[in-house]
Amino acid sequence: MQVLGLDIGGTGIKGAPVDTQTGELIGERFRILTPQPSTPEAVLTTATEIVRHFDWQGAVGCGFPSVVQNGIVRTAANIDQSWIDININQRLGQQLARSVRVINDADAAGLAEMRFGAGKGHQGVVLLVTLGTGIGTALFANGQLVSNTELGHLEIRGKDAEDRAADSVRLRKELSWDKWAKRVDEYLHTIQRLLWPDLIIIGGGASKEADKFLPKLTVKCQVVPAQLLNQAGIVGAALAGAVDIPPPTPKKPAPKPRSGKA
Ligand code: BGC
């Protein structure tokens, strides 16, 4: 199946058509900077421009940098606050005149890495950590995604972890690889202490330069770079869009109270 994957991030909005059987991009990736302020209207207009760029009439899946619960945006760390409580499935769907499935961006990247990349075939507990504008996480137990984990917001030295160790902080503060690696290491030690994943996959913008900081890490968990690098978000978004959107499940009638002795 061919699905257009849209990866909406705090810094850029990217898209490309993807072959969901192979995980390969079947067109060149197209990227536009995330409009600022990143209000729903502005972001939806930019996302639509990307779909138009490919003249794409088929299915679309999307990753979004927030907790997305059944299509509803619940948090807004790196995107305008006015997104909170918006049904993004519905809004993007209306805009594109088709049904669209939106999931958390790190979850999308995780799905792609588990299917086609560094997590392929891995059982046990796998955590994908995206180091980009923020820190996103995707947790897998025996290949099954536990959606919407927000372990990028663990508190470290009284601060939100992503405000210390995201790749955007390295760039903004012009931290050396050494200094930044220490911050990432401290973050991963916290993860290790709480979760003990069997495998940690590092994705996001920083994964392109993994050789500059991965060798400096001291955690005992196995840490590897994402294999799909920064494209994992697009590929995973396409995977999310390839799944039929299930109709709402009717509520089961409450069980009748039992009569007689138990
Ligand atoms: C958000 C996450 C998101 C991550 C990466 C964090 O600030 O809370 O939902 O996955 O950034 O974009």
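None of these values were measured; they are calculated from a predicted model. Both ligands and their constituent atoms are indexed starting at 1 by order of listing.
Within the structure, the closest approach of G132 to ligand 1 does not fall below 4.0 Å when heavy atoms are considered. Using a non-hydrogen distance threshold of 4.0 Å, I135 registers as a contact of ligand 1.
Looking at E186 and R164, a side-chain N of the basic residue comes within less than 4.0 Å of a carboxylate O on the acidic one, giving a salt bridge. Salt bridge annotation for D85-R74: present, with a cationic side-chain nitrogen under 4.0 angstrom from a carboxylate oxygen. Contact check on K216 versus D185 returns no salt bridge, with no Lys/Arg side-chain nitrogen under 4.0 Å from an Asp/Glu carboxylate oxygen. One finds a salt bridge joining R170 and D167 here, because a Lys/Arg side-chain nitrogen approaches an Asp/Glu carboxylate oxygen to under 4.0 Å. Look at E49 and R52 and you find no salt bridge, because none of the NZ, NE, NH1 or NH2 atoms lies under 4.0 Å from a carboxylate O.
Only backbone heavy atoms of S66 (N, CA, C or O) come within less than 4.0 Å of ligand 1; its side chain stays farther off.
If you number the atoms of ligand 1 from 1 as listed, the ones under 4.0 Å from a heavy atom of N104 come out as 2 (C), 3 (C), 9 (O), 10 (O). Of all atoms in ligand 1, listed by their number and element, those nearer than 4.0 Å to a heavy atom of H153 are 1 (C), 6 (C), 7 (O), 8 (O). Less than 4.0 angstrom separates some heavy atom of A77 from each of these atoms of ligand 1: 7 (O), 8 (O). Annotation for ligand 1: atoms under 4.0 Å from non-hydrogen atoms of G136 are 4 (C), 5 (C), 10 (O).
For a threshold of 3.5 Å applied to N or O pairs, the pair formed by E150 and ligand 1 contains at least one separation below that value. Among the atoms of T75, none of the N or O lies under 3.5 angstrom from an N or O of ligand 1.
Taking only non-hydrogen atoms, the option from D107, I8, T137, D105 nearest to atom 5 (C) of ligand 1 is D105.
Looking at heavy atoms from C-beta onward, V51 lies out of side-chain contact with H53 at the 4.5 angstrom threshold. You'll find the side chain of L128 reaches within 4.5 Å of the side chain of T130, heavy atoms only.
F213 and W177 have parallel rings, their planes meeting at less than 30° on a 0 to 90° scale where 60° marks the start of perpendicular.
Closest protein heavy atom to atom 7 (O) of ligand 1: E162 OE1, 2.7 Å.
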